[in-house]
Amino acid sequence: MNTRYDVAILGCGEAGIFAGYELMHRNPGLKVVALDQGADIYTRSCPIVAGKVKECVHCKVCGTMCGFGGAGAFSDGKYNFTTAFGGWLTDFMPKEEVMSLIDYVDSINMKHGATDKVFSTDTPAARALEKRALEHDLHLLQARCKHLGTENNLKILQSIYEECRKGVEFHFNTAVTKIMDLKGEGYRLITEKGDEIDCTWLIAGPGRSGAEWFSNQCKDLGIQLINNQVDIGVRVELPAKVFEHITDVVYESKLVYRTKQ
């Protein structure tokens, strides 16, 4: 089977979801398809969460990582509003524009049920904590934070899915095995089932689970790759009493120790 679309979106994580959302609202006449090797937001499941097994059995397609909502679908829904960590878009766009887009995405989440309650590091107590941290060469990164909660986070994604499916055609449980350049006429996606999907424009947001596959596709297509920075988090668990002078001030803190390169 060969089908032609104006735009094809690879991956239904946050990038793919909001790409489809914008396309359907800004140009309703476009024929848009989104593909993901995982399931939709209602049928995604993990054997561990379901209580069927006690440890990972390495499913062919990970129900936690793949599907509508991506790796964050079953998280507790913590959102950090900042350009200080979590990405490198400011290498390509002004910081103010990136923050404007972050707030815009938040407004869409709020439309679908997200809280308007925000925790912030922009308080006198937080600034005092920042000064104390600097005395030990630790840097408190500034951010606003929202906590949606696991259950509400899932409901918000379900609501966004119901809106998106009005203007975007979704193909779940559909793994793309190859991307072909049609030389000026767009791209052709070959699925694991042998179907062919042609598109004029291709948006790729494969996420962590598809990163290695996508990098190989880029090499085959002659697309130059660069190495991006990675934020590494270290979890430190201590008795609540030890950390209460921090947790009483900031809801979600990021302390960075800057080492010389």
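Along the sequence shown, residues carry numbers from 1.
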Exercise for the section: Inspect the surroundings of CZ in F170 and state if more than 12 heavy atoms from other residues, nucleotides or ligands are less than 6.0 Å away. Expected result: yes

Practice task
Kindly state whether the ring of F68 and the ring of Y42 have centres lying under 6.0 angstrom apart.
Solution key: no

Handout entry: Full working for side chain to side chain donor-acceptor pair (under 3.5 Å) between H139 and E130
Key = CA-CA 7 Å; H139 303 257; E130 180 183 21; over 6 Å; no

Practice task
Apply side chain to side chain contact (heavy atoms under 4.5 Å, CB included) to V168 and V33, showing your working.
Solution key: CA-CA 6 Å; V168 178; V33 64; over 6 Å; no

Handout entry: Pairing of K60 and E192 as salt bridge, 4.0 angstrom limit
Key = yes

Show me, pair by pair, the donor-acceptor contacts under 3.5 angstrom made by side chains of residues 4-24, not counting sequence neighbours?
| from | atom 1 | to | atom 2 | distance (Å) |
| --- | --- | --- | --- | --- |
| R4 | NH1 | E185 | O | 3.3 |
| R4 | NH2 | E185 | O | 2.8 |
| R4 | NH2 | T200 | OG1 | 3.1 |
| Y5 | OH | E169 | OE1 | 3.2 |
| Y5 | OH | E169 | OE2 | 2.7 |
| D6 | OD2 | K31 | N | 2.7 |
| Y21 | OH | K111 | NZ | 3.4 |
| E22 | OE1 | R26 | NE | 2.7 |
| E22 | OE1 | R26 | NH2 | 3.4 |
| E22 | OE2 | Y104 | OH | 2.4 |

Handout entry: R127 with D122: basic N within carboxylate O range, under 4.0 Å
Key = yes

Exercise for the section: In sequence, state the C-alpha distance, the side-chain angles, and the governing distance for D36 and C66, and then conclude on side chain to side chain contact (heavy atoms under 4.5 Å, CB included). Expected result: CA-CA 7 Å; D36 198 290; C66 304; 4.0 Å; yes

Practice task
With side chain to side chain donor-acceptor pair (under 3.5 Å) as the test, would you mind laying out the steps for D103 and S100 before giving the verdict?
Solution key: CA-CA 5 Å; D103 289 332; S100 176; over 6 Å; no

Practice task
Apply the side chain to side chain donor-acceptor pair (under 3.5 Å) test between K146 and each candidate in N109, T115, D106; give the one that qualifies.
Solution key: D106

Handout entry: Carboxylate-amine/guanidinium proximity below 4.0 Å for E162 and R165
Key = yes

Problem - Under-4.0 Å salt bridge between E244 and K241 - result: yes

Handout entry: Counterpart residues, ring-ring contact (aromatic ring centres under 6.0 Å, His included), relative to H147 (two or more places apart)
Key = Y251

Completion exercise
H245 meets the ring-ring contact (aromatic ring centres under 6.0 Å, His included) criterion, sequence neighbours left out, with none

Handout entry: Carboxylate-amine/guanidinium proximity below 4.0 Å for K78 and D76
Key = yes

Handout entry: Beyond-backbone contact of N80 with R144, side-chain heavy atoms, under 4.5 angstrom
Key = no

Practice task
For atom CD of E135, decide whether the heavy atoms of other residues, nucleotides or ligands shown that lie under 6.0 angstrom number more than 12.
Solution key: yes

